[in-house]
Amino acid sequence: MKTDKSNRLKPRLPRGLADRGGAEIAASERMLAKIREVYERYGFEPMETPFIEYTDALGKFLPDQDRPNEGVFSFKDDDEQWLSLRYDLTAPLARHVAEHFDALPKPFRSYRAGWVFRNEKPGPGRFRQFMQFDADTVGAASPAADAEMCMMMADAMEAVGVARGDYVIKVSSRKLLEGLREVLSGQSAIGDAQWLGVLRAIDKLDRLGPNGVFQLLTGGRKDESGDFTKGAGLAADGADRVMRFLGFCVDAAQARAFYAPDTSPGDLERDNFRRLERLEKTAGFGPTGAQALLDLKALAQFARAGGYDESRILIDRSVVRGLEYYTGPVFEAELTFKVPNEKGESVVFGSVGGGGRYDGLVGRFRGEDVPATGFSIGVSRLFSALKAVKSPIVTGLAEHGPVVVLVMDRERVEDYQRMASELRSAGIKAEMYLGQAGMKAQMKYADKRGSPLVIIQGENEKAKGEVEIKDLIEGARQATAIASHEEYKSARPAQFAVPEAKLVEAVHEALRRQGKA
RNA sequence: GCAGCCGUAGCUCAGUUGGUUAGAGCACCAGAUUGUGGAUCUGGGGGUCGGCGGUUCGAAUCCACCCGGCUGUACCA
């Protein structure tokens, strides 16, 4: 069918979405399998939910009429109810647990990998459909459950080939920040909206640096394109208090920056318990903060008892994480090795996953809070990290292609089909060439498919009751030494004949020589 | 969402002050080689110059709007 060019359909993908090829799928499956092994070993069981949920079950508000798809992809069911594509795996899990609460063993320990969707501006490494790999424990209030999450995340990192020392699980607590708010409110009340602004400012520490954060805590900040961001509106002494909580003090020199990292001995201490002591002394918390310190201390003790030292699980008060539903400890898996960015600068790879305690999420469906903790790995981000460190899990060669049976004589396709079937019955990946092209093109096809071998049986071989087997890998190697085409043609490198009856045996043997069977 | 930069073949890019039929390299297809993936040579296919309007005798080139990409920023449950 020929269509007029002017109305021909354009093949194109909406922005922020991507197709995946065989090599990437295989590598990603290997990675997921390693993570799955770790989760299973900890006693978690698989559980999945669908891509679509009622919008209200996902935890936010109904889409508004003007912009129904802001952030989340939404549409109306035929009964006028709003449905949405899930944007994480935690809210659907909470829905599932609440729905089957009485039937589930508690604590309920489950894991799942799945696609999630966010209708946001995509960028390099940021898609509108991406995969997360979650594990959650619902019904356990003990910090032991949180500690276990951190340990499991650390194990998962090592299982996929991130060396110890190349990652760290950073831990803080939403309650620490709440304690800070209590102290600040002692001077002047801080409303929810203003507090949200403070949290957002803190969250930008890694990107904007201490002085950028200070600006956002107070009046506001102008970025390099001249755009102005309104600040949280704290008074200078309040903002100073926040900065000191984050581990910064006024730069004595005041040369270029107002704030510099606090380099007092306690702050450089790589010991979770001393870090907590110092935090208690310098920050000055209200009752909620005091509780957070107890939680974190317990978590640190569990980690130490499990043999996970500060090179793997480290208390770090600058971790903020998702601002909405976390209620206690929060964690972040950070890769600490450096990679070149687009500008050629060397930067740490950064976060590949995170999580925390969300005691209120299941409770939205019930009368009471249900304690829960979990974490999520950003699969594609971890995947690109593994490529950066050349983990064997993702750099391993792609699966080889099928043995291709060439169609030399169109009258005899049944014979070729039978050969392919024989090879398959023997467990060998094989196919008969299904296109229309001649032999040369068939060879090119086999080459492109990554075939280890092709099977050739034209008139000559048939007459002798033989088949030719050509080793494409060895052939390519030999070809580099051949300059003229005449020689190349007559040499027929890496090719040999076997009796027709010995086809399967000979193919097995040839694959073995290649180390592929 | 806001701001800046950018859109020419599948890819990387040329294209003069606005002036014939818009080019190159790589990739792709075919032939040289009635039956051999490489190399070489020859030939071929592929473009509504992101889209739609406007200015002009004439637009890839100038203008307006739209779409897409990149960067920064905002948002990120």
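Computed from a predicted structure; not experimentally measured. Reminder, nothing fancy here: chain letters follow the sequence lines and each chain counts from 1.
- Nearest-nucleotide assignment on RNA chain B puts the 5′-proximal partner with A/M408, out of A/M408 and A/K444.
- The base of B/G35 does not come close enough to the side chain of A/Q457 for any donor and acceptor atom to sit less than 3.5 Å apart.
- Rounded to whole Å, the C1' atom of B/G58 lies 16 Å from the corresponding atom of B/A22.
- Atom CG of A/D203 is separated from atom C1' of B/A74 by 13 Å (rounded to the nearest Å).
- Residue A/K121 has no polar side-chain atom (N or O) positioned under 4.0 Å from OP1 or OP2 of B/G69.
- Taking 4.5 Å as the limit, some side-chain heavy atom of A/R112 sits within range of a side-chain heavy atom of A/S110.
- Counting any heavy atom pair closer than 4.0 Å across all strands shown, A/E459 reaches a base atom.
- In summary, the aromatic rings of A/Y39 and A/F133 are positioned with their centroids under 6.0 Å apart.
- Taking atom CG of A/D471 as the reference point, atom C1' of B/G37 lies 12 Å away to the nearest angstrom.
- Side-chain rings of A/Y445 and A/Y433 approach one another, their centers coming within less than 6.0 Å.
- The partner of B/U17 cannot be assigned: no Watson-Crick or G-U wobble pair with both contacts below 3.5 Å exists in any strand.
- Between A/V198 and the choices A/L234, A/D203, A/L177, A/L216, the side chain to side chain contact (heavy atoms under 4.5 Å, CB included) rule is met once, by A/L234.
- Among the protein residues, A/R128 comes within range of no part of the nucleic acid, since none of its heavy atoms lies under 4.0 Å from any strand.
- When the options A/L472, A/V403, A/I473 are evaluated for a side chain to side chain contact (heavy atoms under 4.5 Å, CB included) with A/S451, the one that passes is A/L472.
- Between A/Y358 and the phosphate of B/A77, there is no side-chain N or O to OP1/OP2 separation shorter than 4.0 Å.
- When the P atom of B/U33 is taken as reference, atom CD1 of A/I482 falls 18 Å away, rounded to whole Å.
- Nucleic acid contact for A/D88: none, since no nucleic acid atom lies under 4.0 Å from a heavy atom of the residue.
- Judged by Watson-Crick or G-U wobble contacts below 3.5 Å, the nucleotide B/U36 has no partner.
- Heavy atoms of A/E461 sit under 4.0 angstrom from at least one base atom.
- Between the side-chain ring of A/Y445 and the base of B/G37, no stacking contact exists by the 5.5 Å and 30° definition.
- Between A/M443 atom CE and B/A39 atom C1' the separation is 15 Å, expressed in whole Å.
- You'll find that the side chain of A/K448 is closest to B/C29, out of B/C29, B/U33, B/C76.
- Within 4.0 Å (heavy atoms only), A/A476 reaches at least one base atom of the nucleic acid.
- Between B/G37, B/U36, B/A74, one nucleotide has an atom nearer to the side chain of A/K440 than all others, and that is B/G37.
- At the heavy-atom level, A/L406 lies nowhere under 4.0 Å from the strands shown.
- The listed nucleotides are B/U36, B/U73, B/G68; the one nearest the side chain of A/K470 is B/U36.
- Closest to the side chain of A/H485, out of B/A39, B/C75, B/G35, is B/A39.
- Remark: B/G68 base-pairs with B/C6. Criterion, Watson-Crick or G-U wobble with two distances under 3.5 Å.
- The nucleotide B/G31 finds its pairing partner in B/C41, both defining distances of the Watson-Crick or G-U wobble pair being shorter than 3.5 Å.
- Across B/C76, B/G37, B/G35, the shortest atom-to-atom separation from the side chain of A/R118 is found for B/C76.
- One atom, CD of A/Q442, and another, P of B/C29, lie 14 Å apart when rounded to the nearest Å.
- When both pairing distances are held under 3.5 Å, B/U12 makes a Watson-Crick or G-U pair with B/A24.
- For a distance-only test at 3.5 Å, the side chain of A/Q495 qualifies as a donor-acceptor partner of the base of B/U36.
- Protein atom CZ of A/F496 is 15 Å distant from nucleotide atom C1' of B/U36, rounded to whole Å.
- Nucleic acid contact for A/G475: base, since at least one base atom lies under 4.0 Å from a heavy atom of the residue.
- Tested against A/M157 for a side chain to side chain contact (heavy atoms under 4.5 Å, CB included), the candidates A/I377, A/I35, A/V168 yield a single pass: A/I377.
- Considering only the side chain of A/Y87, B/A77 comes nearest among B/U36, B/A74, B/A77.
- A donor N or O paired with an acceptor N or O is not found under 3.5 Å between the base of B/C76 and the side-chain atoms of A/R321.
- Remark: A/R174 is not positioned above the aromatic ring of A/Y326, lacking an NZ or CZ atom under 6.0 angstrom from the ring centre and at most 45 degrees off the axis.
- In this structure, B/C76 forms no base pair with any nucleotide, since neither Watson-Crick nor G-U wobble geometry is met with both distances under 3.5 Å.
- Between the side chain of A/D447 and the base of B/G38 there is no donor-acceptor pair of N/O atoms closer than 3.5 Å.
- Rounded to the nearest Å, the gap between the P atom of B/C28 and that of B/U20 is 33 Å.
- Rounded to whole Å, atom C1' of B/G37 lies 15 Å from atom CD1 of A/I455.
- For B/C62, the paired nucleotide is B/G54, the pair qualifying as Watson-Crick or G-U wobble because both relevant distances are below 3.5 Å.
- Between the C1' atoms of B/G43 and B/C49, the separation comes to 26 Å (whole Å).
- Between A/Y488 and A/R126, the residue anchored closer to the 5' end of RNA chain B is A/Y488, taking for each the nucleotide with the nearest heavy atom.
- As rounded to the nearest Å, B/U16 and B/A60 have C1' atoms that lie 13 Å from one another.
- Regarding A/K489, its NZ atom lies at a distance of 5 Å from the P atom of B/U34, rounded to whole Å.
- Stacking of A/R86 on the aromatic ring of A/F117 is not recorded, the 6.0 Å distance cut-off and the 45° axial limit not both being met.
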